[in-house]
Amino acid sequence: MIDPKLLRGSAEEVAGNLARRGFDFDAGRYLEIEERRKALQVETEQLQGKRNASARQIGQAKARGEDIEPLLEAVRTTGERLDAAEAELTEVRSALRDIELGLPNLLADDVPDGAGEDDNVELRRIGEPRDFGFEPRDHVELGTALGLLDFDAAAGMSGSRFAVMRGDLARLQRALVQFMLDVHTREHGYEEAYVPYLVHAEALIGTGQLPKFEDDQFKTTDETPFYLIPTAEVPLTNLARDVIFDAGELPVLYTAHTPCFRSEAGSYGQDTRGMIRQHQFEKVELVHLVTADASAAALETLTSHAETILERLGLPYRVVSLCGGDIGFGANKTYDLEVWLPGQARYREISSCSNYGDFQARRLKARVRNPDTGKPEPIHTLNGSGVAAGRALIAVMENYQRADGRIAIPEVLKPWMGGAEFIGPSD
RNA sequence: GGAGAGAUGGCUGAGUGGUCGAAAGCGCUCCCCUGCUAAGGGAGUAUACGUUAAUAGCGUAUCGAGGGUUCGAAUCCCUCUCUCUCCGCCA
């Protein structure tokens, strides 16, 4: 949520910033409703004050044993006027809230201009795509040939966009998760958390997935439905809900491994082959809760933590700064890490690291006490994948494949693979 | 799933219709006193919104959430959520 004070005071500037995303914010209409709200609120509060004063008088008169009937008569109309004003105020407030919840975050100044994916700016490339000396296969071919990856079985029970993994391939994904969690908790200072995978709508509103992206979520049919988390960002960031931190408590760094569930509405035909885009996938998530002045630097740190994983795995990748048109709803700035996939001969997103500024914090009422003023102020939140395990698995399969179809095991994963050198039939 | 009890400020805990945003204690902050320490005295100590140059005042709201009764609700009524105890079930 954008600071309402900023919206009121600088609606046109806000509209200008949001236009960089291709988002059309009708500042004039917003200000009109806001004016109405202000007038109604003043009126309502004056009437409440009048009513309170009268009630007090009546109480005192009654205590003195006086006749209160004339006083009651005097208040009679106040109540009706108050009810009417309150009803309209509620309506106007709700309209304002709908607008405010629908507004994406302001973009940081250094976000590149552009309309879509093609306008993203590559910042750096790390590692060289390997020269295989043979035509590299994609993960579907590799996994299926090994008998460890089975889309048909998954389709039989759950339909498309699910996969079954077996044996050493399933184990390799677990190894990736263990490796990532250990690096982040032991070397990067994160606290590991185990969190709910089913959350209420409020939690998703807090992080910005709702109300705008209802269609992307899976949810239950309960009267108050549960939503399956699309990312651990949701439960981890919600840990800060309604919290007022002392300045000394920040930064707080959380990590968690969870499955993620996405309905992938509107992505029909995209990435239908393989495990790139699934309804259910595993991810290790990183979340930072920081003070406002620290968030820009924290984005660099968080991104470097995700990069560490790719570097240790020996996977070639590049870092891209998303342009205004491609950046997510709640983020003010985003770096994507894209890993090289030999099977597709292109870089594909494996981590997205974003600074949300105070956007989520306002929705969550996540605050920090300013040590100078003593007043609570919104914290800043950041999150990034560190990294997506399903896609990391694909990347390892494709980058570590051998001519014989077996898959070498990256050095750092061997402790979790029983010391084996490769996945596949032994000779 | 069944039965019962509860939810009040940073914490403990009073408060069953009227000056209660809320006693008291603890904690915390500042000041005074005291030649260290301990003890003592005083003041302050929620959040949001509005008004405002103001983190000064003033107003409004908030005692789990939402609705209702009333001139007036922490207090009465309804619905919901959560916590605790017991029973059942269960990994």
Side-chain angles (χ1 to χ4, degrees), chain A residues 1-10 30-31 33-101 194-206 220-227 235 238-250 259 291-293 358 361-379:
Chain A
M1 186 177 297
I2 297 175
D3 184 355
K5 289 203 172 103
L6 188 68
L7 272 179
R8 282 172 221 156
S10 318
Y30 175 82
L31 288 177
I33 301 176
E34 169 54 26
E35 278 305 312
R36 183 77 191 125
R37 189 225 95 228
K38 190 180 283 191
L40 277 168
Q41 180 162 342
V42 169
E43 186 187 348
T44 302
E45 290 183 356
Q46 281 173 350
L47 287 169
Q48 282 170 330
K50 197 172 164 190
R51 182 204 59 194
N52 290 348
S54 304
R56 213 170 293 136
Q57 281 179 7
I58 292 171
Q60 288 166 347
K62 215 177 167 186
R64 290 193 298 264
E66 297 169 7
D67 179 20
I68 59 171
E69 196 47 45
L71 289 167
L72 287 179
E73 186 57 39
V75 199
R76 204 141 287 164
T77 52
T78 308
E80 286 160 27
R81 288 167 59 204
L82 181 57
D83 284 347
E86 271 179 341
E88 194 180 348
L89 180 60
T90 303
E91 223 170 276
V92 168
R93 278 210 166 118
S94 154
L96 277 179
R97 182 178 155 83
D98 286 349
I99 294 174
E100 286 166 2
L101 284 181
Y194 174 80
V195 291
Y197 303 160
L198 294 168
V199 297
H200 287 142
E202 244 345 271
L204 285 155
I205 290 172
T220 67
T221 57
D222 299 69
E223 199 178 330
T224 51
F226 288 108
Y227 290 80
N238 269 273
L239 289 173
R241 171 182 296 274
D242 289 328
V243 175
I244 301 179
F245 293 94
D246 287 328
E249 293 177 281
L250 299 179
T291 52
D293 59 322
D358 61 12
R362 283 186 192 285
R363 294 172 167 230
L364 291 165
K365 296 192 177 61
R367 291 167 292 181
V368 58
R369 201 171 290 284
N370 182 317
D372 297 324
T373 63
K375 289 287 163 190
E377 298 167 354
I379 63 169

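The chains referred to below are lettered A, B, ... by the order of the sequence lines, with proteins before strands, and numbering in each begins at 1.
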Practice task
For the pair A:Asp246 (side chain) and A:Gly248 (backbone), establish whether a donor and an acceptor sit closer than 3.5 Å, ignoring hydrogens and angles.
Solution key: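 Here the side-chain-to-backbone pair does not exist.
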Exercise for the section: Would you check if the side chain of A:Asp358 reaches a backbone N or O of A:Pro378 as a donor-acceptor pair within less than 3.5 Å? Expected result: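 Not confirmed, A:Asp358 side chain does not pair with A:Pro378 backbone.
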Handout entry: Distance flag, aromatic centroids of A:Phe226 and A:His200, threshold under 6.0 Å
Key =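 Under 6.0 Å, so yes.
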Between [atom2] on [N] and [atom1] on [X], what's the gap in Å once rounded to a whole number?
{"X": "A:Asp246", "N": "B:C28", "atom1": "CG", "atom2": "P", "answer": "14 Å"}
{"X": "A:Leu82", "N": "B:G72", "atom1": "CG", "atom2": "P", "answer": "9 Å"}
{"X": "A:Leu47", "N": "B:G50", "atom1": "CG", "atom2": "P", "answer": "18 Å"}
{"X": "A:Arg93", "N": "B:G50", "atom1": "CZ", "atom2": "P", "answer": "9 Å"}
{"X": "A:Ile58", "N": "B:G17", "atom1": "CD1", "atom2": "P", "answer": "18 Å"}
{"X": "A:Lys365", "N": "B:A65", "atom1": "NZ", "atom2": "C1'", "answer": "13 Å"}
{"X": "A:Ile244", "N": "B:C28", "atom1": "CD1", "atom2": "P", "answer": "19 Å"}
{"X": "A:Glu100", "N": "B:C49", "atom1": "CD", "atom2": "P", "answer": "11 Å"}

Watson-Crick or G-U wobble partner for [N], using a 3.5 Å limit on both distances?
{"N": "B:U70", "value": "none"}
{"N": "B:U34", "value": "none"}
{"N": "B:U81", "value": "B:A7"}
{"N": "B:C90", "value": "none"}
{"N": "B:U19", "value": "none"}
{"N": "B:U52", "value": "none"}
{"N": "B:A39", "value": "none"}
{"N": "B:A46", "value": "B:U62"}

So, is [X] near the phosphate of [N], with a side-chain N or O under 4.0 Å from OP1 or OP2?
{"X": "A:Arg367", "N": "B:A48", "answer": "yes"}
{"X": "A:Asn52", "N": "B:G18", "answer": "no"}
{"X": "A:Arg369", "N": "B:C28", "answer": "no"}
{"X": "A:Lys38", "N": "B:U51", "answer": "yes"}

Separation of the [atom1] atoms in [N] and [M], to the nearest angstrom:
{"N": "B:A24", "M": "B:G13", "atom1": "C1'", "answer": "8 Å"}
{"N": "B:G68", "M": "B:A5", "atom1": "C1'", "answer": "25 Å"}
{"N": "B:G42", "M": "B:U34", "atom1": "C1'", "answer": "15 Å"}
{"N": "B:G41", "M": "B:A46", "atom1": "C1'", "answer": "26 Å"}
{"N": "B:A56", "M": "B:U51", "atom1": "C1'", "answer": "13 Å"}
{"N": "B:C58", "M": "B:G44", "atom1": "P", "answer": "13 Å"}
{"N": "B:G59", "M": "B:G4", "atom1": "P", "answer": "45 Å"}
{"N": "B:U19", "M": "B:G10", "atom1": "P", "answer": "23 Å"}

Any side-chain heavy atom of [X] within less than 4.5 Å of one from [Y]?
{"X": "A:Glu43", "Y": "A:Arg81", "value": "no"}
{"X": "A:Val195", "Y": "A:Asn238", "value": "no"}
{"X": "A:Met1", "Y": "A:Leu101", "value": "yes"}
{"X": "A:Val368", "Y": "A:Ile244", "value": "no"}
{"X": "A:Glu202", "Y": "A:Arg241", "value": "yes"}

Exercise for the section: Report which part of the nucleic acid A:Gln60 touches: base, sugar-phosphate, or nothing (heavy-atom distance under 4.0 Å, all strands). Expected result: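 Base, at least one base heavy atom under 4.0 Å.
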Problem - Closest-nucleotide 5' rank along RNA chain B - winner of A:His200 and A:Arg76 - result: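 Nearest nucleotide further toward 5': that of A:Arg76.
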Handout entry: Closest-nucleotide ordering on RNA chain B, the 5'-leading residue of A:Gly49 and A:Lys62
Key =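 Its nearest nucleotide being more 5', the pick is A:Lys62.
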Problem - Polar pair under 3.5 Å, donor/acceptor by atom type, side chain A:Glu45, base B:G50 - result: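 No, no donor-acceptor pair under 3.5 Å.
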Nearest of [options] to any side-chain atom of [X]?
{"X": "A:Arg51", "options": "B:G18, B:G72, B:G50", "result": "B:G72"}
{"X": "A:Arg8", "options": "B:G50, B:G72, B:C49", "result": "B:G50"}
{"X": "A:Lys5", "options": "B:G50, B:A61, B:A46", "result": "B:G50"}
{"X": "A:Gln48", "options": "B:U19, B:U47, B:A61", "result": "B:A61"}

